[in-house]
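In listed order, ligands and their atoms are each counted from 1.
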Amino acid sequence: MKKHKAWKGRFKKETSPLMEKFNSSIKFDQRLYREDIEGSIAYAEALKKANVINQKERNLIINGLNEIKEEFDKGRFIISTTDEDIHMAVERRLIEKIGSSGKKLHTGRSRNDQVATDTRLFIKKAGQDVISDLAKLQEIIIKISEIEIKTIVPGYTHLKQAQPVLLSHYFMSLFWAVERDKERLKNCIKRTGVLPLGSGALSGTSFEIDRKLLSELLDFNAISENSIDAVSDRDFIVEFISACGIIMIHLSRYAEDFIIWSSDEFGYIEIDDAFATGSSMLPQKKNPDSLELIRGKTARVLGNLLSVMTLLKGLPLTYCKDLQEDKEPLFDTVDTLSICVKIFTGVLNTLKINHSRIESGFNEYMIASDLSDYLVKKGMPFRKSHEVIAKLIRYADEKNIPLSEISIEKYKKFSELFKKDIYEVINIKKSVESKKTSGSTSTKSVKKQIASAKRRLKI
Ligand code: ARG
């Protein structure tokens, strides 16, 4: 028996089964069923307004579509072998259900403007979900920053202890990165909210489709200005995956820090049992796999970005079937990012801080720049003070004497400007509190920062 295909009229022979399998996207794009049906319901309204269908047909179509949605929702929708993609599947089922009125739904529409619309709707929703997951992460960041407001940790450059900072200051650095991530997503969602529907295959349609009505019904903020661009454009997918890639890079960098901090050598933190795993052979092991997987999955998302960008490069206008390959990287990105943000939030929320280990690892030389500032405040040019302190540190290091145990006479050998008050500067806590600029690590500044963060979150 000849299989029924919507486009079969042009063909004499059957499609090869191998080609059918190759061409089909229903396995993955059925994920767009809500968006596809929502788009079709709006389109039925526009067809009614254009007098392509009457009120009765409109009702039949919309009821039919709602029933199909329910079938999908309940996992009862049966995919037929002829269902190439989600668009064909929904239309086929509609015709089965309501007969000839269903055959009118695709008037003036193409899968080209349809798929672009569905994907935009999907990203608008997925983007909002990511934003709310990120907001939850930010709340946890604030929570632990408030709890750890008294904890000092080494701040690192080149993974070498550089200057002491409040642990809260460190955690809050992630808050602002995440804040930018949310902004980036909001901007991306705004640009994604441009409606392609009504562009037909590529040139528009001869039916009076009210695109403004479609845009209102589907909650878009604008209508595309050019039908060729509307069906060819996948920038919004690139932008979205790119925004997600940046989020993953952020998570991955902090994950890397926490992996180092949880190592036996550092021991600054302990990852909760709920987010760690063991070894099949080594009974003592508790590994930070949650964080390692976040770091690893970042590669996937960045790979997805590269896949879509490579897909688009050199692709002739307007629609080509290559574009069907945009969906799996997109869906994979959403799934990967969503679980990574949740896992990262969980790790942070249950993190144990080992205060004594942190303190016992302090390298006194972290206050070297405070000593140099001391000399500057007594009148020495900075470049000179840098050299003096470098020599002092070399001396202390060679002789293996703590800075606080070097005599004042010896200090004076390095510079006459040293007075007895130098010993007050050799103090990690004072170093932190001495920072005066806004956005710095002093307790006062960090408290201000947390207050500003709370205002952003409206908490
Ligand atoms: N499944 C296709 C996709 O995802 C839908 C558009 C097909 N359009 C066409 N003219 N063949 O890109």
query = So is there a nitrogen or oxygen of His87 less than 3.5 Å from a nitrogen or oxygen in ligand 1?
reply = no
message = Suppose I only count heavy atoms of Asp85 and a 4.0 Å limit; which atoms of ligand 1 are within that range?
response = 1 (N), 2 (C), 5 (C)
query = Using 30° and 60° as the class limits, which term best fits the ring planes of Phe122 and Phe331: parallel, tilted or perpendicular?
reply = perpendicular
ask   = atom 12 (O) of ligand 1: which protein heavy atom is closest, and how many Å away?
value = Tyr319 OH, 2.4 Å
inquiry  = Against the six-membered ring of Phe220, is Lys124 placed for a cation-pi contact (under 6.0 Å from the centre, within 45° of the normal)?
reply    = yes
ask   = Of the protein's non-hydrogen atoms, which lies at the shortest distance from atom 1 (N) of ligand 1, and what is that distance?
value = Gln324 OE1, 2.7 Å
inquiry  = Donor-acceptor check, side chain of Tyr43 to backbone of Thr107, threshold 3.5 angstrom: yes or no?
reply    = yes
inquiry  = Looking only at protein heavy atoms, which one is nearest to atom 4 (O) of ligand 1, and what is the separation?
reply    = Lys327 NZ, 2.7 Å
request  = Just need the protein heavy atom nearest to atom 8 (N) of ligand 1, so name the residue and atom and give the distance.
outcome  = Asn112 OD1, 3.0 Å
message = Tell me whether Arg191 forms a cation-pi arrangement with Phe236, defined as NZ or CZ under 6.0 Å from the six-membered ring centre and within 45 degrees of its axis.
response = no
inquiry  = Students often mix this up, so state it plainly: with edges at 30° and 60°, are the rings of Tyr156 and Phe266 parallel, tilted or perpendicular?
reply    = tilted
query = atom 11 (N) of ligand 1: which protein heavy atom is closest, and how many Å away?
reply = Arg111 NH2, 3.6 Å
inquiry  = Only heavy atoms of Val115, strictly under 4.0 Å: list the atoms of ligand 1 that pass.
reply    = 3 (C), 4 (O)
Close-contact set for ligand 1 against Ser25 heavy atoms, below 4.0 Å = 1 (N)
query = Does Glu292 use its side chain to pair, donor to acceptor, with the backbone of Ile259 at less than 3.5 Å?
reply = no
query = Between Ser24 (side chain) and Lys21 (backbone), is there a donor-acceptor pair under 3.5 Å?
reply = no
